[in-house]
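Just below is one structure, and these are the notes that go with it.
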Amino acid sequence: DTATFNASSGAGTATVDSSVTIQTLTMTGFTGTLAFGTNTISLNSTGTVFTGATTHSVSGTPVINVTSTGSTGITVIPGAATEANSISFNFTAGTYSLTFLATNGNTARNVDFTGFAGTWAARTGSSNTIYGSLTISSGMTFAAYAGGAQLRFGATSGTKIITCSGKTIDFPININAIGGTYQFADAFSARSFVLYNGSLDGNNKSFTASDSAFSVGDSSFTTTTIPLSNISIANGVNSTLYYGTITLSGTLSFGGNFSISNLAPSGSVTLLAPVSVATSASISAGTLNLGSYKLSCLSFGASGATARTINFGTGDITCTGAGASWDATDVTNLTISGTPVVNFNNSTATASTITTGSLSEANSISFNINAGTYALTITTSAVFRNLNFTGFAGSLVGGNSATIYGDFTMSSGITVSTATSWTLASTSATPRTITSNSVTIGRPLIFNGVGGTWQLQDALTMNTARALTHTNGTIDLNGKTLTVGTRYTTATGTKNLTFNAGTLVCPAANTTSFNNAAPTNFTTTAG
């Protein structure tokens, strides 16, 4: 039989007291309650087998089975029910074309296609919601995507499961589940994916999208805390984290570009585990909190004008690629906090570039150049906290100036071209160390840090054509030999030369090879 509930059916409760099979069920106009208990309703006809409504309610565990085994088309119209009044649907057999969740705003609870071998027909509605779990059948297919129709997951509690069974869900997916959690049961594949609200547990399953996009939020959406865990994004899929407070935990790997583009300065992304990015990572707005973890990527970009912060905590950023490995050309409104460390682990011979921008001492970042035989270009007016080349066996090329606020360590295998001056500018009384590892410094050195102190860790020798200018701060020879090139000269400022059994050698055949040109506020300490 067919069953119809309508406005004439009253506002009472209709109780399903056993699991029944009927042809079709229509609920249009019904204002009462359909009480399922633990029973189910099975529909075995074709055509439009179910039409729901927003006027009635359901109770118990509402489940409707669509059991047709044929190839004649079937339509299921659940209606725009609330989460509490949504119904679960099982499509258990058949090779038919199914029109389901095709009308804008339609909803369902759990949807299970196990046994279904037909086609989920094109969906024209712009947005439909599944409040529970989704199980795709390995034997089903999807009609060609016609644009516009996205599928939303919206559970507000509990953990719901998405099972793809080796199929690509050929329409956009988004999760807008305040208070709910969605988990991948197996490799997840869809046209695109956006996480607006709720938690996503990738369950260490691979994620791919045919339009190469994985997003948390978008340019028009604000939200609260979003936990993202155990996600493995396939190669070539770009990830953009837009808005809200996003936490990343578990095992995290991103196979494409990784962009933090919070459109509000209050937005943040916090690492609760290491993050691996196969290509480039960048931040253009908001805050990146590394905590105590590592963000590894081929390259990192921090250039822009919108307010943005990288809070390193005790973590670090490790760049493993060549080319523009670090790009902060424009450091307007860029704030650095924590203990900032960037590692360059490019072990190849392919050239790399560091562009730090003109950072202040407070916002400066320490760089460790740990490996490689490549040509390294440090662009003009670069700024470093500590600069350490230990492990690097390549060449430092280009004629650009740089400022170092912290420790300066050369590598025994490095080749340094002669070029413009480097300024050591620490303002800290805590001694900053200089280690040359027997490498001749091919650049003029300027010591100009008010109140700063530098201490030699070994003998330092400058190229014979290069001068040392002492403007501000204390140079502590620390029992070592400092051999300048053309001259040692003072400039206007407060400066001190501490020997501590060290030696200053001025070997150039030049009448001003030692030139105390600005003796005011110049002192020496014998030690």
Side-chain angles (χ1 to χ4, degrees), residues 66 71 73-74 76 89-102 106 108 110-155 160-177 182-196 198 200-216 218 228 230-240 252-258 278-279:
V66 179
S71 59
I74 289 178
V76 174
F89 292 88
N90 299 325
F91 300 91
T92 61
T95 58
Y96 52 87
S97 176
L98 171 65
T99 301
F100 174 60
L101 293 178
N106 273 213
N110 301 313
V111 177
D112 191 338
F113 288 99
T114 301
F116 178 58
T119 300
W120 192 347
R123 299 167 54 253
T124 57
S126 61
S127 180
N128 307 104
T129 300
I130 294 177
Y131 287 111
S133 299
L134 171 65
T135 302
I136 299 298
S137 164
S138 60
M140 67 184 290
T141 58
F142 296 85
Y145 177 63
Q150 60 179 319
L151 182 63
R152 176 172 295 174
F153 292 87
K160 313 303 180 184
I161 308 298
I162 302 175
T163 305
C164 285
S165 301
K167 308 295 289 187
T168 295
I169 303 174
D170 196 23
F171 36 79
I173 296 292
N174 72 64
I175 292 178
N176 192 358
Y182 277 87
Q183 183 183 82
F184 297 153
D186 55 6
F188 180 91
S189 180
R191 177 163 290 273
S192 65
F193 187 93
V194 183
L195 174 61
Y196 288 123
L200 175 63
D201 179 2
N203 197 25
N204 296 319
K205 309 301 182 185
S206 64
F207 170 95
T208 189
S210 57
D211 72 350
S212 301
F214 172 87
S215 302
V216 178
D218 64 18
L228 181 64
N230 299 313
I231 192 77
S232 177
I233 307 294
N235 290 340
V237 176
N238 297 325
S239 302
T240 305
L252 303 159
S253 62
F254 296 85
N257 298 330
F258 176 86
T279 53

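Side-chain atoms of S192 never come within 3.5 Å of backbone atoms of P172 as a donor-acceptor pair (strictly under, hydrogens ignored). A donor-acceptor pair under 3.5 Å links the side-chain atoms of D211 to the main chain of A213, judged by distance alone. Using a distance-only test at 3.5 Å, with no hydrogens or angles considered, no donor-acceptor pair links the side chain of Y182 to the main chain of G202. Side-chain atoms of D112 come within 3.5 Å of backbone atoms of T114 as a donor-acceptor pair (strictly under, hydrogens ignored). Remark: side-chain polar atoms of S133 are paired, donor with acceptor, to backbone N or O of I161 under 3.5 angstrom. The backbone N or O of N257 lies less than 3.5 Å from a partner atom in the side chain of N238, making a donor-acceptor pair.
The two residues A121 and T99 have their closest heavy-atom pair at CB-OG1, 4.0 Å. Here the closest heavy-atom approach between residue S165 and residue S137 is recorded as CB-C, 4.2 Å. G198 and L195 get closest at one heavy-atom pair: O-CD1, 4.1 Å. Across all non-hydrogen atoms, the minimal contact from I130 to L134 is CD1-CD1, 4.1 Å. Considering every non-hydrogen atom in both A108 and F89, the closest pair reads CB-CD1, 4.0 Å. Taking every heavy atom of both residues into account, T129 and G154 meet most closely at CG2-N, 3.9 Å.
Between F188 and F193, the ring center distance clears the sub-6.0 Å criterion. Here the two rings, on W120 and F171, have centers that are under 6.0 Å apart.
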side-chain contact (heavy atoms from CB on, under 4.5 Å) for R123 and L151? Distances and angles first, verdict last. CA-CA 9 Å; R123 299 167 54 253; L151 182 63; 4.0 Å; yes
N110 vs T135, side-chain contact (heavy atoms from CB on, under 4.5 Å): CA-CA, chis, key distance, verdict: CA-CA 8 Å; N110 301 313; T135 302; over 6 Å; no
side-chain contact (heavy atoms from CB on, under 4.5 Å) between V76 and F91, worked out: CA-CA 11 Å; V76 174; F91 300 91; 3.9 Å; yes
Kindly indicate, with the supporting measurements, whether the criterion side-chain hydrogen bond (donor to acceptor under 3.5 Å, both in side chains) is fulfilled by T168 and S189. CA-CA 5 Å; T168 295; S189 180; 2.7 Å; yes
Check against side-chain contact (heavy atoms from CB on, under 4.5 Å), K167 and F142: CA-CA 9 Å; K167 308 295 289 187; F142 296 85; 4.2 Å; yes
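Salt-bridge formation is detected for the pair R191/D170: a Lys NZ or Arg NE/NH1/NH2 atom is positioned less than 4.0 Å from an Asp or Glu carboxylate oxygen.
Contact of the F214 side chain with the F258 side chain is not registered, since no non-hydrogen atoms from C-beta on lie closer than 4.5 Å. Using a 4.5 Å cut-off on side-chain heavy atoms (C-beta onward), V194 and I173 make no contact. The shortest side-chain heavy-atom distance between N230 and F184 does not fall under the 4.5 Å cut-off. You'll find the side chain of F207 stays beyond 4.5 Å of the side chain of F254, heavy atoms only. In this structure, F153 and Y131 have side chains that are not in contact, with every pair of non-hydrogen atoms separated by 4.5 Å or more.
Here Q150 contributes atom CD and N128 contributes atom CG; the two are 9.0 Å apart, rounded to the nearest 0.5 Å. Separating the OG atom in S239 from the CG atom in L228 is a distance of 8.5 Å, to the nearest 0.5 Å.
Judged purely by distance below 3.5 Å, without hydrogens or angles, the side chains of T119 and T141 pair a donor atom with an acceptor atom. Of the N and O atoms on the side chains of T163 and D186, not one donor lies less than 3.5 Å from an acceptor on the other residue.
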